[in-house]
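Notes follow the structure.
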Protein chains: 2
Amino acid sequence: MAEDLRDSDTLLFLTDAQLRRAIEAMFFAYRGFTADPDRILSERGYGRAHHRAIHFIQRAPGSTVTNLLAILGVTKQSLNRVLRTLIEDGLVESRVGPHDRRERHLYLTDAGAELEAELSTAQRARMRAAFREAGPEAVAGFRQVLEHMMDPELRRLFAAAREGDR
Amino acid sequence: MAEDLRDSDTLLFLTDAQLRRAIEAMFFAYRGFTADPDRILSERGYGRAHHRAIHFIQRAPGSTVTNLLAILGVTKQSLNRVLRTLIEDGLVESRVGPHDRRERHLYLTDAGAELEAELSTAQRARMRAAFREAGPEAVAGFRQVLEHMMDPELRRLFAAAREGDR
DNA sequence: CTTGGAATGTCAACAAGGCTGACGTAGTTT
DNA sequence: AAACTACGTCAGCCTTGTTGACATTCCAAG
């Protein structure tokens, strides 16, 4: 009881200044997080939007456009512009749905998988390094806070996907 | 010794799939992180770029343009476009440097401070809620990982600023 | 079998916010 | 006096987001 009080009131008492620092940390960290992929992408004339599409197609091969739209939270016009270039460049393949022929199912080609691997490897390396330097206890905390910072519906989707991976 | 080994090799062994999930968590969390300010800003016809400028002027009142440029990592043309609208709208004041009259020192006006408070309050509320739900141990870990995800020079600057706040 | 609606794609136009390059002006330093 | 620095600005370009309108294709319900 006294323990609980200490936990919530003392250990978790955070001043506005501390919260502001955490906000800045999030900003700077996200910059680091995207820096390596951004470099690789710009060499090929792509941007982050391409990375996001490629990432989630790798994550869920055969995903429909509508599905991707919901995950990415952009308009179909915006996504379509990106997908078109990726398809033209032979990185993504769009197959007509086997059951519902209106749907387009998206897959990475070998070239697409290659770029995805390059991007992912760079980003995972940065993430792994940060985890290693921060230590094992920090990693669990990091992930918990991140999940709770998401919008509730997204957190549900994310948690479901996490479970589904097992 | 055996403890150390277990920590680094067992507890910190992360599969690529786990790292990929952490990457996605970072992406979704950042969206949540910016969602509330984005709403407030769009009501006023501003964007994230304005938020960043306002935030760091609040953080370091009297900061010069060059200084802000270094922190934000954008070109002066890009920053200037944002600063101009903020100055025109009476949210930011630009004073000629007292020692070096080439410099412009930036300050929030009362109206600027008001918007900053609104943005910061919303963002801190989300951060505080995430921290509360994740628990006290998670918070320290979260911050450690974030710091190690930054680019090294930025981490130095950030750490220095953190110390300077005390 | 027709028709409504869903899924997809496309055209056009626009805005924010990045970028480069060039240039001007004021002020400081050498 | 010359060189450098800080800042602002004009012009033009790109990516990536937006809205709105419209065509096509196809499933499914009436």
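Please read all numbers here as calculations on a predicted model, not as lab measurements. Throughout, a chain's letter reflects where its sequence line sits, starting with A, and its residues are numbered from 1.
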- [ ] Assign B/G73 to base, sugar-phosphate, or nothing according to its heavy-atom contacts below 4.0 angstrom with the strands shown.
- [x] sugar-phosphate
- [ ] Using a 4.0 Å heavy-atom cut-off across all strands, classify B/H105 as base, sugar-phosphate, or nothing.
- [x]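 No contact.
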- [ ] Classify the ring geometry between B/F158 and A/F28 as parallel (under 30°), tilted (30 to 60°) or perpendicular (over 60°).
- [x] perpendicular
Between atom [atom1] in [X] and atom [atom2] in [N], what is the gap in whole Å?
X      : N      : atom1 : atom2 : value
B/L79  : D/dA6  : CG    : P     : 15 Å
A/E103 : C/dG5  : CD    : P     : 19 Å
A/N80  : D/dT24 : CG    : C1'   : 14 Å
B/L86  : C/dA16 : CG    : P     : 13 Å
B/D38  : D/dG17 : CG    : C1'   : 12 Å
A/R44  : D/dC14 : CZ    : P     : 21 Å
B/L83  : D/dA6  : CG    : P     : 16 Å
B/R48  : C/dG18 : CZ    : P     : 10 Å

Less than 4.5 Å apart, any side-chain heavy atom of [X] and any of [Y]?
X      : Y      : result
B/R44  : B/E118 : yes
B/Y46  : B/V82  : no
B/L146 : A/M26  : yes
B/T64  : B/R104 : no

- [ ] Find the distance between CG (A/D110) and CD (A/E93) and round it off to the nearest 0.5 Å.
- [x] 10.0 Å
Open item on the list: Measuring from the side chain of B/R81 (C-beta onward, heavy atoms only), which nucleotide among D/dG8, D/dG17, C/dC19 has the closest atom?
Closed with: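 It is C/dC19.
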Open item on the list: Please confirm whether the ring centroid of B/F33 lies under 6.0 Å from the ring centroid of B/F27.
Closed with: no
What's touching nucleotides 26-30 of chain D from the protein side, N or O pairs under 3.5 Å?
residue: D/dC26; atom: OP1; partner: A/R101; partner atom: NH2; Å: 3.4

Task: A/S94 to A/L106 - nearest heavy-atom pair and separation - done: CB-CD2, 4.0 Å
Open item on the list: Can you see if the side chain of A/R31 gets near the phosphate of C/dG18 - specifically, an N or O under 4.0 Å from OP1 or OP2?
Closed with: no
At a cut-off of 3.5 Å, list every protein nitrogen or oxygen paired with a nitrogen or oxygen from nucleotides 19-21 of chain D, distance to 0.1 Å.
residue: D/dG20; atom: O6; partner: A/Q77; partner atom: NE2; Å: 3.0

Task: Under-4.0 Å salt bridge between A/D38 and A/R48 - done: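 Looking at A/R48 together with A/D38, the answer is yes, because their closest N to O distance falls below 4.0 Å.
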